[in-house]
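Structure, as structure tokens:
So that the names make sense, note that chain A is the first sequence line, chain B the second, and so on, each numbered from 1.
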Number of protein chains: 2
Amino acid sequence: MKNDITTEQKIKAAAREVFISKGFAACSTREIAKASGMNVALVNYYFRSKMELFKLVFHDAMEEFVNSMVEVFRTDKPLEDKIRLLIEKEYDFLSRHPELPGFIVNELHREEGYEVDSSYFDKVLNSGIVEECQRAFEAGTMREINLVSLTLLIMSNCDFPFMSKNLMKGIHKLSDEVYETHLNNHKKIVTDMLISYLFPQKSI
Amino acid sequence: MKNDITTEQKIKAAAREVFISKGFAACSTREIAKASGMNVALVNYYFRSKMELFKLVFHDAMEEFVNSMVEVFRTDKPLEDKIRLLIEKEYDFLSRHPELPGFIVNELHREEGYEVDSSYFDKVLNSGIVEECQRAFEAGTMREINLVSLTLLIMSNCDFPFMSKNLMKGIHKLSDEVYETHLNNHKKIVTDMLISYLFPQKSI
DNA sequence: AACAGTTTTAAACAAGTGTTTAAATCAACT
DNA sequence: AGTTGATTTAAACACTTGTTTAAAACTGTT
């Protein structure tokens, strides 16, 4: 059949799984080959090297990671609602890809690591959200805050809870299931906290 | 001289540096040996294996990580001040050990990873802070929030900004120095946000 | 059926891995 | 000076690593 999954796709899919769950250094070409049901030579036949394959996987990961944000900014809503929706969507996205932020943050941290191609985030910065924040600052509807801190606030409170799952489970002696429900509670807490900080009620 | 740094200490110190900056999988015994100015055999002579050495390093890292919190809880201050001080001290600590949280979170994430010996955190949980929060809930001086979310709020907003340095530098095209100053600004923002969320002003 | 091009395989390569061996060096004490 | 024990060294072990080779199997076309 024509629309079967090709060998190339199988390998890339397996590589994605292995790379994201163990990291570049902690896995071998043979492990990826075995996970895809193929052999070592095929990995390099289609992708030239472990490194090239990794770059593809990392690139895809970054795209997904960023796109999940940009969608929200493109919607036609008041800024406050956009931020609410952003947090909501981020928690959704991270529930489906809980290992992504840790993978990205960690691989970027290795010194041999690749720099972030900033074009990934140009999408975000060119989505109009920056100007929208600027207007909100000037109109006094949003607390004045620089963009780095705004990014940090949102990402810290969305990504870290997923990245630190094992640590949190250890600290509080929780099962996977219980932690899931905590994550769900936490989403609301984070939303409330961020919204009330960023959009303070003006008391006359 | 008697109080020279011993070979054992040199190796452990070098191992700490290498393990924390590259992770367990991404470095070799020979790299650690070279970094300490010794040879491979000495590493295993003193520490039996790469794994045993890693466990020691990880253990120390965990202790430092936890101790930096517990100190604060032992002080004799109102709860709100303790939280302020905690954030302050965490940012201080993380400025000196910026790679620690990423190291811990990431090594705990590898499936072959060691579970968190929960005794590390028993120190925290037995420091009296839990009861103090409970009393504050009942007295209505603090927003009622479960301990998992409280931990998450504080750690997310303290640790993530250090863990995501390279990502943030990439997103916003910042130099090391500029990001440092952003971190300093962010500390105040985080403090304000957390305090005003956890200790809301009662409007009659 | 014969060809040509792509895909797959098993095997090999050199280099690097964690670990161990056995000999050499050192320090302290008789 | 000789003995004992701890420390250090170079070399080797068996195994895994990423990558390449060259032959085999498969595909579609004439």
Next item on the list: Compare every heavy atom of A:L53 with every heavy atom of A:A15, then report the nearest pair and how far apart it is.
Entry: CB-CD2, 3.6 Å
Item checked: Residue whose closest nucleotide on DNA chain D lies nearer the 5' end, B:E8 versus A:A41 -> B:E8
Next item on the list: Fit a plane to each ring of B:F54 and B:F24, take the angle between them on a 0 to 90° scale, and name the class: parallel (under 30°), tilted (30 to 60°) or perpendicular (over 60°).
Entry: perpendicular
Item checked: Phosphate OP1/OP2 of C:dT17: any B:S28 side-chain N/O under 4.0 Å -> yes
Item checked: Whole-Å gap separating C1' (D:dA24) and CG (A:L42) -> 13 Å
Checklist line | Salt-bridge criterion met for A:R16 and A:D60 (N-O under 4.0 Å) | finding: no
Item checked: Spacing of B:E31 atom CD relative to C:dT17 atom P, expressed in whole Å -> 8 Å
Notebook entry, point to check: Closer than 4.0 Å, any side-chain N/O of B:Y45 to the OP1 or OP2 of D:dT9?
Noted result: no
Note to self: Students often get this wrong, so: under 4.0 angstrom with heavy atoms, is B:V40 touching a base, only sugar-phosphate, or nothing?
What the structure shows: base
Next item on the list: Check whether any side-chain N or O of B:T29 sits under 4.0 Å from OP1 or OP2 of C:dT17, and answer yes or no.
Entry: no
Note to self: Quick check: any donor-acceptor pair below 3.5 Å linking the side-chain of B:R30 to the base of C:dG16?
What the structure shows: no
Margin query: Counting the atoms with a prime plus P, OP1 and OP2 as sugar-phosphate, which does B:Y46 contact under 4.0 Å by heavy atoms, base, sugar-phosphate, or nothing?
Written below: sugar-phosphate
Next item on the list: Send over the distance from B:N39 CG to C:dG16 P, rounded to a whole Å.
Entry: 18 Å
Check: Is any side-chain nitrogen or oxygen of A:S49 closer than 4.0 Å to OP1 or OP2 of D:dG18?
Finding: no
Check: Out of D:dT19, C:dT19, C:dT8, which nucleotide sits closest to the side chain of B:K50?
Finding: C:dT19
Check: Is there a side chain to side chain contact (heavy atoms under 4.5 Å, CB included) between B:F199 and B:R143 once you walk through the steps?
Finding: CA-CA 6 Å; B:F199 304 96; B:R143 184 189 294 267; over 6 Å; no
Notebook entry, point to check: Atom CD1 of A:I32 to atom C1' of D:dG18: distance rounded to whole Å?
Noted result: 11 Å
